[in-house]
Structure formats: structure tokens, C-alpha cells
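Both backbone and side-chain heavy atoms feed into the values below; hydrogens, waters and symmetry mates do not.
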Amino acid sequence: MPRPRSEKARQAVLASMLRALAADGYAAVTIEGLAAEAGVSKQTIYRWWPSKAAILGESLLEGELPAFELPVTDDLRADLRAVLSAQSPDTVAIARALIEVTATDAELGLKLNARLAAPIREWTAVRLAQAVDAGDVRPEVDAAVVADQLIAIGSYSALVGGPMDAGKVDGIVDVILRGIGA
């Protein structure tokens with residue numbers, strides 16, 4: 001049975017994860033590196049977390065989220081394209097790790113989803129309200145449903161291995177706009 005965590009050491013490991021993520025990307029993060037930077041043993045980390053992905057999940061749940069700019073222009077098609085094209089190899093690696101931790105810890109997964117999906121949900125509500133006002137989107141379109149679809153598309157893209165190419169992004173945007181267009 002694991003001993004109770006030292007809060008100071010726990011916070012050091014979580015902060016080390018966020019620093020390593022920002023500096024080198026998720027793929028370069030190692031348990032050994034986290035342990036060394038946090039001043040704890042590798043065994044201690046494994047006693048507290050089952051995997052690197054679990055540390056990532058907890059650090060993103062409690063720490064400051066990386067800044068992500070969501071576009072709001074007069075061109076809904078361009079804004080959707082930008083959102084769906086925003087994945088990089090590192091964000092794909094992070095998304096895959098979060099899917100892994102969510103699959104093994106449903107409670108943490110629900111909390112992470114609420115926190116990480118909130119900016120996309122808020123952006124979608126604002127952006128679609130603007131598009132309704134401009135006459136580009138039907139007023140009855142449910143922004144929460146559209147946001148869930150954008151999140152699902154990003155998650156699926158991560159699961160199958162990477163950012164989508166421009167042709168696929170354009171095809172998805174066409175389908176979305178046909179479904180919500182005025």
C-alpha cells in the first residue's frame with residue numbers, strides 16, 4: 001500500500017512535468033528526469049502514479065494550462081479550419097497520453113474533460129453566436145453539440161496518429177458548415 005504523499009514532493013513532481021512538457025515535449029519526458037528535477041526517487045513516483053500519463057493528467061488538472069489561441073474572425077470557415085489544424089506532433093502525444101489516463105481512471109478523465117474542453121466549448125458558443133448574428137448559422141444549432149464534435153474529431157485524430165492533412169480538414173469543415181449553415 002502506498003504511503004501518503006508528501007504534498008511538497010507531489011507538487012514538485014507535477015511542476016516538473018509541466019516544465020519538462022514546455023521545454024522538451026511529452027515524448028522527451030522521462031520518469032527519471034522528473035524524479036531528478038523534483039528531488040524524489042523514481043520508486044516514489046511509481047508508488048504515487050502508475051505512469052507518465054497519469055502524472056500528466058494530474059498536472060494538467062491542477063496546474064496552469066498551456067495557452068491556446070482560438071481564432072475569432074469574420075470567417076467561420078477559416079476559424080474552424082484553424083481550430084482543426086492546430087494539432088502538432090506534441091499535442092497529439094499529449095492527447096494520446098490523456099486518452100490513456102482517461103481509460104484507466106474514469107474519475108480523473110471526467111475532471112480533465114471538464115477542464116480541458118471548457119475553452120473549446122466556450123469558444124464554440126461565442127463563435128457560433130457571432131455566426132448566427134451574421135446569418136451564417138441557423139439559430140437552433142446547439143453549440144454544445146458542435147463543440148463535442150470538434151473535441152471528438154481532435155481526439156480521433158490523436159488516436160489514429162497525428163495531425164490531419166489540409167484536405168481532410170477542409171472536408172470536415174465542409175460537412176460541419178453544411179450541417180449548421182443557414
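Among residue pairs with one or both ends in residues 152-167, none qualify as salt bridge (Lys or Arg N to Asp or Glu O under 4.0 Å); sequence neighbours excluded. Note on residues 126-137: pairs passing salt bridge (Lys or Arg N to Asp or Glu O under 4.0 Å), not counting sequence neighbours, are D79-R127. The stretch residues 101-110 participates, sequence neighbours left out, in these side-chain hydrogen bond (donor to acceptor under 3.5 Å, both in side chains) pairs: E107-K111. Here salt bridge (Lys or Arg N to Asp or Glu O under 4.0 Å) pairs that include residues 21-36, with residues two or more places apart or in two chains, are E32-K42.
Taking each heavy atom of I151 and I120 in turn, the nearest pair found is CG1-CG2, 3.9 Å. Scanning both residues, L34 and A20, for their nearest heavy atoms gives CD2-CB, 4.4 Å. Nearest heavy-atom pair across A125 and A143 is CA-CB, 3.7 Å. Scanning all heavy atoms of the two residues, the minimum distance from A82 to P71 falls at CB-CG, 3.7 Å.
For the pair M164/I172, a side-chain contact is recorded, criterion being any heavy-atom separation below 4.5 Å from C-beta on. Put simply, the side chain of L60 does not reach to within 4.5 Å of the side chain of R115, judged on heavy atoms. The shortest distance between side-chain heavy atoms of W49 and V13 falls below 4.5 Å.
At distances below 3.5 Å, not a single donor-acceptor pair connects side-chain atoms of T44 with backbone N or O atoms of V40. A distance-only check finds no donor-acceptor pair linking the side chain of E58 to the backbone of A53 [under 3.5 Å]. Although no hydrogens or angles enter the test, the distance criterion places a donor-acceptor pair under 3.5 Å between the side chain of R138 and the main chain of G179. Between the side chain of W123 and the backbone N or O of V83, no donor-acceptor pair lies under 3.5 Å. Counting only distance, with no hydrogens or angles, the side chain of S59 and the backbone of L56 share a donor-acceptor pair below 3.5 Å.
Through chains of ILVMFWY side-chain contacts below 4.5 Å, Y156 is grouped with V160. Residue L159 shares its hydrophobic cluster (ILVMFWY side chains chained together at separations under 4.5 Å) with I99.
For the side-chain hydrogen bond (donor to acceptor under 3.5 Å, both in side chains) test, no residue two or more places apart in sequence or in another chain qualifies with D75. In this view, V137 and L76, L128, A131, V132, V141, I180 satisfy the side-chain contact (heavy atoms from CB on, under 4.5 Å) rule, not counting sequence neighbours. Here D148 pairs with R121 under the salt bridge (Lys or Arg N to Asp or Glu O under 4.0 Å) rule; sequence neighbours left out. Under the rule for a side-chain contact (heavy atoms from CB on, under 4.5 Å), the partners of D174 that lie at least two apart in sequence or sit in another chain are R77, R178. Scored by the salt bridge (Lys or Arg N to Asp or Glu O under 4.0 Å) test, E37 finds R19 as partners (sequence neighbours excluded). Looking at residues two or more places apart in sequence or on another chain, you find no side-chain contact (heavy atoms from CB on, under 4.5 Å) involving A36.
Rounded to the nearest 0.5 angstrom, L80 CG and S85 OG are separated by 10.0 Å.
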Q: Show your working on side chain to side chain contact (heavy atoms under 4.5 Å, CB included) between I31 and K52 and close with a plain yes or no.
A: CA-CA 7 Å; I31 297 297; K52 177 172 89 165; 4.2 Å; yes
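I176 and V126 fall into different hydrophobic clusters, where Ile, Leu, Val, Met, Phe, Trp and Tyr residues are linked whenever their side-chain heavy atoms come under 4.5 Å apart, directly or through other members. Residues V145 and V173 do not share a hydrophobic cluster, clusters being chains of Ile/Leu/Val/Met/Phe/Trp/Tyr side chains in contact below 4.5 Å. V175 and L84 sit in two unconnected hydrophobic clusters of ILVMFWY residues. Membership requires side-chain heavy atoms under 4.5 Å apart, directly or through other members.
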